[in-house]
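Reviewing the structure listed below.
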Protein chains: 4
Amino acid sequence: MSDIIFSQSSPDKPKATTKPSISSGAQNILAAAEELFAQQGYSSISINAIAKQAGVSKANVFHHFETKEMLYMAVLQNASTEMSDLIAELDSGNGSASQQIGHYARQHLQNLFDKARVTQLILRELQQGDKDESFQLVRNTLNKNFTSIVNIIKKFQERGEFRQDIEAAMIATVLIGCNLFYFQTHSVLDSFPELAFAKDPDNYCKQLTDILLRGIENKNAEDRGSS
Amino acid sequence: MSDIIFSQSSPDKPKATTKPSISSGAQNILAAAEELFAQQGYSSISINAIAKQAGVSKANVFHHFETKEMLYMAVLQNASTEMSDLIAELDSGNGSASQQIGHYARQHLQNLFDKARVTQLILRELQQGDKDESFQLVRNTLNKNFTSIVNIIKKFQERGEFRQDIEAAMIATVLIGCNLFYFQTHSVLDSFPELAFAKDPDNYCKQLTDILLRGIENKNAEDRGSS
Amino acid sequence: MSDIIFSQSSPDKPKATTKPSISSGAQNILAAAEELFAQQGYSSISINAIAKQAGVSKANVFHHFETKEMLYMAVLQNASTEMSDLIAELDSGNGSASQQIGHYARQHLQNLFDKARVTQLILRELQQGDKDESFQLVRNTLNKNFTSIVNIIKKFQERGEFRQDIEAAMIATVLIGCNLFYFQTHSVLDSFPELAFAKDPDNYCKQLTDILLRGIENKNAEDRGSS
Amino acid sequence: MSDIIFSQSSPDKPKATTKPSISSGAQNILAAAEELFAQQGYSSISINAIAKQAGVSKANVFHHFETKEMLYMAVLQNASTEMSDLIAELDSGNGSASQQIGHYARQHLQNLFDKARVTQLILRELQQGDKDESFQLVRNTLNKNFTSIVNIIKKFQERGEFRQDIEAAMIATVLIGCNLFYFQTHSVLDSFPELAFAKDPDNYCKQLTDILLRGIENKNAEDRGSS
DNA sequence: CATGAATGAGGTTTCATTCAT
DNA sequence: TATGAATGAAACCTCATTCAT
């Protein structure tokens, strides 16, 4: 199903339509900056590199963004918005609790790869932990993201389908943590023979949800109760 | 138990005894570089900053390490060794499978924090994914790390204590992935009210292993088999 | 006639008209670099020195020339072009073979001093003999220079005015070699009492051509033949 | 006779015997410095490079020579002495004036190549023309060199074998100038098809003396006198 | 005699930024 | 809107030199 991990759907085109307020010149720069910052981080990317990638002059970058810092913030802002949009569209489908969680996990993982640059930008921010302004942005985005899945889980807990002696947030953590770990390590899977099975993200996701669901389903408790 | 997440035991002093081959001058620089690179990454740390932190002249840094790149490699080498040593000492205790896994998870998380700088360095490398030489180092270290826990799990699978229809590597992934996720996000826990429970790493670890163990224990299968 | 060896006619002003393609900023830098490189050589001249001489900032030098090496190449390119232009204008006058050679020798010597900086740059390159790219340039220029005089001599050989049992190139070598030697040593003439006569380049040139012509004129051969 | 220009006889060994006052350690350094300075000039050669070439530590260089400048002076001093020794041994043979000049020219050219490093060092100094102390040394050496050949020529002029209306120093200049020019350009002869004949230095020397002698011999004057 | 450690000064080059056009 | 010219600051790195051993 997935040839090179994921069919990396081109995610850049629709931007222009969603954000018509920013000139196309600025959009070019923003896109170039996003790509480079995601790949290499803030400090190792020069305005010159961004200008070249965007096909404009260095001065033009400063014409659109006051400072490098502000360009970075704009990139982050953009990324956060994209991420939020994506989460808003996240749909846990309908069906049993198990099916919904499985669907959600798979879709979440897909999103990480579809918006790989955004994901990387956010992971970078997570690792810094100090930069004041930029951090706020990311934190809020993550919070939104996180709350969305937590609420779904809580719903199932209230319905009695999931154990209630486990924090919903903990369950969400396992789901998101493992998906992020997969995203971070997928490029290195070749060197881990033990992880060969994980080259197919579908397979990975299936096994993850298998463990997770069995670990949290109330069915087990019933089984025990019956004993 | 843990005031600020973990009592961050000072991990730098014993180095001199374990590695007497490197002069103390070089060791100072190495330690300074490790700290700064871990905090801020490669490109945003200048040799000047490292020199100041180490209390030596800029030129002296180049006396001991030919280039900034080579200093970074030495730091990484050092970190990988430390990490490997730590893993070698990882002890899954004795007791039931559940207890051993629980013990291992807790100890592993503790190690991440005890060697926070090393952990950060390696996470940074994971995120880059292209740098040839430096990457090899980290990959090997991770591989060793990973294999260690996979083997423990396989043992329990063979004994029939854990399900065999789940890849041992997948189980290890959940354990390590969640621990790393915790490490990466713990500085931001304050902003996530849902995750308040996780401020205590013991609590986090307990809930994680609770889910994980229930998800993989063979007991459940037996229960089902009896139904 | 020559106060301090030669009236060193200012050779920099016309450049702007002959090479309008290069901005005046770059021209300033190029001129400064030419002067300093000619005086002191490549390695002992810093970009800082060039910037100061040109009245611009160090960074501005790199705005116009990517590296010090490339600036040097541009200087050499410029010098080679100037030299070629000069040679193209070299005019052996009209009159007897003797007069033409005498005229040529004197004019060639004059050129060496008029374009003293260019001459020095080329002599320096001759001495290195390894630098790939820069050397090609100089070699080509010298070749052109050399061929020009060789052809004149060949003409006279064909007319029977000069001996044909001597290579034209050898005759050219004497002419150019002695002129270059004069150029290289003129600053030290004071310390060589024997060479006092040579302080006047006209005198030097007259004596040189006197020897040379008598050595190559066919007239002598005829005299002998008649005996 | 000459395969690759000249059979470059190893000229370094006898030094130890001629200068037993200097320790062998210092001699190593001196030899290394001579080679490198001759090849690349003063400023582009670092003490480090010299130390490596000599197989000693950088500090050891300063143990033997107070400063880089003083090491350079020692190299120059050494070179000047070698050159003087060589000139003192220069032997114009016995035979006719023509033969003696021819012999001298050939031997002088041979010396330039045998002591190529020394020759290069001195040519470099000639090109600088400002460095106070170092220059004195070279000037004196050249003066001695020059006077030696001038005196030989004067002898023949007095005997009436050479014209007296030409300065002896001018004749010497042609001889030395052309030989030095040959030395400076021999590495580039390949690219000058016209100069193919000069690949054999014997041939070059023969043609040079042919021209020179015919240009200065008094025989010609006699011929004219008879007309 | 010989060396490794250490350093201040200075080298080339890069960077973010400004400004006139 | 867009750019080339210009620059001060700071990056990495080299250099000649000193000193303790």
Side-chain angles (χ1 to χ4, degrees), chain A residues 23-26 28-29 42-51 54-72, chain B residues 23-26 28-29 42-51 54-72, chain C residues 23-26 28-29 42-51 54-72, chain D residues 23-26 28-29 42-51 54-72:
Chain A
S23 75
S24 81
N28 275 346
I29 295 166
Y42 179 80
S43 0
S44 57
I45 292 300
S46 68
I47 294 286
N48 217 341
I50 294 168
V56 299
S57 74
K58 207 173 13 169
N60 192 243
V61 175
F62 285 97
H63 181 68
H64 288 288
F65 302 91
E66 283 190 59
T67 65
K68 187 189 177 186
E69 190 73 27
M70 288 180 73
L71 168 57
Y72 183 67
Chain B
S23 74
S24 81
N28 276 346
I29 295 166
Y42 179 80
S43 358
S44 56
I45 292 301
S46 71
I47 294 286
N48 217 342
I50 294 169
V56 298
S57 73
K58 209 178 359 176
N60 192 247
V61 175
F62 288 101
H63 176 65
H64 289 287
F65 303 90
E66 285 191 55
T67 62
K68 187 188 178 187
E69 190 76 25
M70 286 179 75
L71 169 56
Y72 183 66
Chain C
S23 74
S24 81
N28 277 345
I29 294 166
Y42 179 80
S43 359
S44 55
I45 291 301
S46 70
I47 293 285
N48 219 339
I50 293 170
V56 298
S57 75
K58 208 176 5 172
N60 192 252
V61 175
F62 287 99
H63 175 65
H64 289 288
F65 303 91
E66 283 191 57
T67 63
K68 188 188 177 186
E69 190 75 25
M70 286 180 75
L71 169 56
Y72 183 66
Chain D
S23 75
S24 82
N28 274 346
I29 294 165
Y42 179 80
S43 1
S44 57
I45 293 300
S46 69
I47 294 285
N48 217 341
I50 294 169
V56 299
S57 74
K58 209 175 9 170
N60 192 242
V61 175
F62 285 97
H63 181 68
H64 288 288
F65 303 91
E66 283 191 59
T67 64
K68 187 190 178 186
E69 191 74 26
M70 288 180 72
L71 169 56
Y72 183 66

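Computed from a prediction, not measured in an experiment: that's the story for all the values here. Per chain, numbering begins at 1; letters A, B, ... match sequence-line order.
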Side-chain contact check for A:Ile47: nearest option of E:dT17, E:dT14, F:dT3 is E:dT17

Heavy atoms under 4.0 Å, any strand shown: does A:Ile50 hit a base, just sugar-phosphate, or nothing?
-> nothing

Separation of F:dA2 atom P from A:Phe65 atom CZ, nearest Å, is 12 Å

For D:Ser44 and C:Ser43 the tightest heavy-atom approach is CB-OG, 3.0 Å

Per atom distances to the D:Asn60 side chain, the nearest of F:dT3, E:dT3, E:dT17 is E:dT3

To the nearest 0.5 Å, atom NZ of B:Lys58 lies from atom CG of B:Asn48 at 5.0 Å

Look at all strands and tell whether B:Ile29 reaches a base, only sugar-phosphate, or nothing, counting heavy atoms closer than 4.0 Å.
nothing

Picking from E:dA2, E:dT7, E:dT13, the nucleotide nearest the side-chain atoms of D:His64 would be E:dA2

dist D:Tyr72:OH -> D:Ile50:CD1 (nearest 0.5 Å) comes out at 11.0 Å

Under a 3.5 Å limit on both distances, the Watson-Crick or wobble mate of E:dT21 is F:dA2

request  = Return no unless some side-chain N or O of A:His63 is found under 4.0 Å from OP1 or OP2 of F:dT1.
outcome  = yes

Taking for C:Gly55 and for B:Thr67 the nucleotide of DNA chain F with the nearest heavy atom, the one nearer the 5' end belongs to C:Gly55

Out of E:dT3, F:dA6, E:dA6, minimum distance to the side chain of C:Ser57 belongs to F:dA6

Heavy-atom closest pair (C:Ile29 atom, C:Asn60 atom, distance to 0.1 Å) is CD1-OD1, 3.7 Å

A:Asn48 atom CG is separated from E:dT13 atom C1', nearest whole Å, by 12 Å

Checking N1-N3 plus N6-O4 or O6-N4 for Watson-Crick, or N1-O2 and O6-N3 for wobble, each under 3.5 Å, the partner of E:dG11 is F:dC12

note: A:Phe62, atom CZ; F:dT1, atom C1'; distance rounded to Å ~ 17 Å

Residues B:Thr67 and B:Phe62: closest non-hydrogen pair is CA-CE2, 4.2 Å

Ranking E:dT17, F:dC12, E:dT12 by distance to the side chain of C:Ser46, first place goes to E:dT12

Among E:dG10, E:dA2, E:dT7, the one nearest any side-chain atom of B:Lys58 is E:dG10

Contacts of C:Ala59 and B:Val56 projected onto DNA chain E by closest heavy atom; the upstream (5') one is B:Val56

- May I ask you to say what A:Leu71 touches in the nucleic acid, namely base, sugar-phosphate or nothing, with a heavy-atom cut-off under 4.0 Å? nothing

Rounded to whole Å, the CD-P distance (A:Glu69 to E:dA16) equals 11 Å

In whole angstroms, the gap separating C1' of E:dG10 from NZ of D:Lys68 amounts to 13 Å

